[in-house]
Amino acid sequence: MSTRSWPAIALGVPDNIKDSILSVYHRLDEKTKQVWDLLSVLPTGFEVKYLETVEPMYASALANCLEAKILFVRDGLIYFKHELYRRTIENSLSPFVRIALNRKILQLFRASFEEHREIERIVHHAKNANEYDLVVHYAPSPPLPQPE
């Protein structure tokens, strides 16, 4: 699913850092790139138990990244070592790939997010998947003005 013809536009990330991150990314095998793509659209980290559902071969794909400390696991969540990594990879994805990844997250985990009352995650991924009916359904309604 990874396509890297889209220009990398990571706001607030200096060009030399973007270049360095993308240089590392381009040396990765395709399976690892797919996992990085997925992790990049998950700003709060991703549960390792869910990652296995999305990418069954994730352990071998991520072993070198964990060893090199580019990715790390804390409290059952996998993260990039720095937000600059995540934003650079996310912003280097084509808009169509970002939409597809967010839609994939919604399809696979919406029920679990509901069960754990993680409505903000549903709204985040629905917005980024252009699923505006879901955003309207789950986003909290603004308070009505009170008469004086």
Side-chain angles (χ1 to χ4, degrees), residues 1-15 17-66 70-144:
M1 189 186 273
S2 173
T3 56
R4 285 290 175 255
S5 59
W6 198 260
I9 306 170
L11 298 175
V13 180
D15 286 341
I17 293 175
K18 282 190 289 193
D19 293 345
S20 176
I21 291 168
L22 291 175
S23 174
V24 170
Y25 174 88
H26 289 299
R27 291 192 307 263
L28 299 171
D29 63 85
E30 201 56 39
K31 181 60 73 179
T32 306
K33 287 179 185 178
Q34 290 173 0
V35 175
W36 277 37
D37 292 351
L38 177 70
L39 291 174
S40 77
V41 300
L42 296 153
T44 59
F46 197 50
E47 292 84 348
V48 173
K49 65 182 179 183
Y50 291 161
L51 187 57
E52 191 167 64
T53 302
V54 178
E55 293 293 339
M57 302 302 291
Y58 82 93
S60 62
L62 297 179
N64 291 337
C65 299
L66 291 168
I70 292 170
L71 298 172
F72 67 97
V73 177
R74 183 177 62 216
D75 300 327
L77 297 171
I78 189 163
Y79 300 89
F80 281 100
K81 73 176 180 179
H82 199 286
E83 178 66 4
L84 295 176
Y85 269 80
R86 190 197 68 75
R87 287 185 10 216
T88 298
I89 300 303
E90 180 183 32
N91 289 315
S92 71
L93 299 172
S94 82
F96 305 109
V97 171
R98 278 197 305 269
I99 289 168
L101 288 169
N102 279 286
R103 193 167 284 147
K104 182 177 186 177
I105 295 295
L106 269 177
Q107 290 169 346
L108 290 171
F109 305 113
R110 181 173 154 199
S112 178
F113 292 162
E114 283 178 344
E115 180 183 323
H116 294 97
R117 307 197 51 76
E118 297 176 296
I119 303 307
E120 68 283 351
R121 289 178 87 176
I122 295 172
V123 171
H124 170 83
H125 292 294
K127 177 182 75 73
N128 291 323
N130 294 341
E131 298 285 344
Y132 300 116
D133 290 341
L134 287 176
V135 173
V136 170
H137 177 76
Y138 285 101
S141 299
L144 296 173

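Please read all numbers here as calculations on a predicted model, not as lab measurements. Side chains included, hydrogens not; waters and symmetry mates left out as well; all remaining heavy atoms used.
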Taking atom OH of Tyr50 and atom OG of Ser112, what is their separation to the nearest 0.5 Å? 2.0 Å

Within the structure provided, determine whether Pro43 and His124 are in side-chain contact (heavy-atom separation under 4.5 Å). yes

Minimum heavy-atom distance Leu42-Arg86, with the two atoms named: O-CD, 3.8 Å

Measuring from Glu83:CD to Thr88:OG1, what's the distance to the nearest 0.5 Å? 9.0 Å

Counting only N and O atoms by type, is there a donor-acceptor contact under 3.5 Å from the side chain of Asp75 to the main-chain atoms of Leu77? no

Considering all heavy atoms of both residues, which atom of Leu93 and which atom of Val41 are nearest to each other, and what is their separation? CD1-CG1, 4.3 Å

side-chain contact (heavy atoms from CB on, under 4.5 Å) assessment of Ile78 paired with Leu66: CA-CA 9 Å; Ile78 189 163; Leu66 291 168; 4.3 Å; yes

With a 4.5 Å limit on heavy-atom distance, are the side chains of Leu134 and Arg110 in contact? yes

Counting neighbours of CG on Asp133 that are heavy atoms of other residues, nucleotides or ligands and sit closer than 6.0 Å, is the number greater than 12? no

Side chains of Leu28 and Cys65: does their closest heavy-atom pair fall under 4.5 Å? yes

When Phe46 is tested against each of Phe80, Trp36, Phe109 for ring-ring contact (aromatic ring centres under 6.0 Å, His included), which residue passes? Phe109

Heavy-atom side-chain contact between Val13 and Asn91 under 4.5 Å: no

Taking all heavy atoms of Ile99 and all of Ala129, pick out the closest pair and write down the distance. CG2-O, 3.7 Å

Write down the atom of Glu47, the atom of Glu118, and the distance for their closest heavy-atom approach. OE2-OE2, 4.2 Å

State whether Arg87 and Glu90 are salt-bridged, where the test is any N-O pair (Lys NZ or Arg NE/NH1/NH2 against Asp/Glu carboxylate O) under 4.0 Å. no

Roughly how far, to the nearest 0.5 Å, is OH of Tyr85 from CG of Leu71? 9.0 Å

Roughly how far apart are Arg98 CZ and Arg103 CZ, rounded to 0.5 Å? 13.5 Å

Just so I know, are the side chains of Ile122 and Val135 near enough to count as touching, which here means a heavy-atom distance under 4.5 Å? no

Distance (rounded to the nearest 0.5 Å) between Lys104 NZ and Asp37 CG: 10.0 Å

Grab the two heavy atoms, one from Asn102 and one from His125, that are nearest each other, plus how far apart they are. OD1-ND1, 2.6 Å

Nearest heavy atoms of Leu62 and Thr32, plus distance in Å: CD2-CG2, 4.5 Å

Mind checking the CZ-OG1 spacing from Arg121 to Thr44? Nearest 0.5 Å is all I need. 4.5 Å

Tell me, do Phe113 and Ile105 make a side-chain contact under 4.5 Å, heavy atoms counted? yes

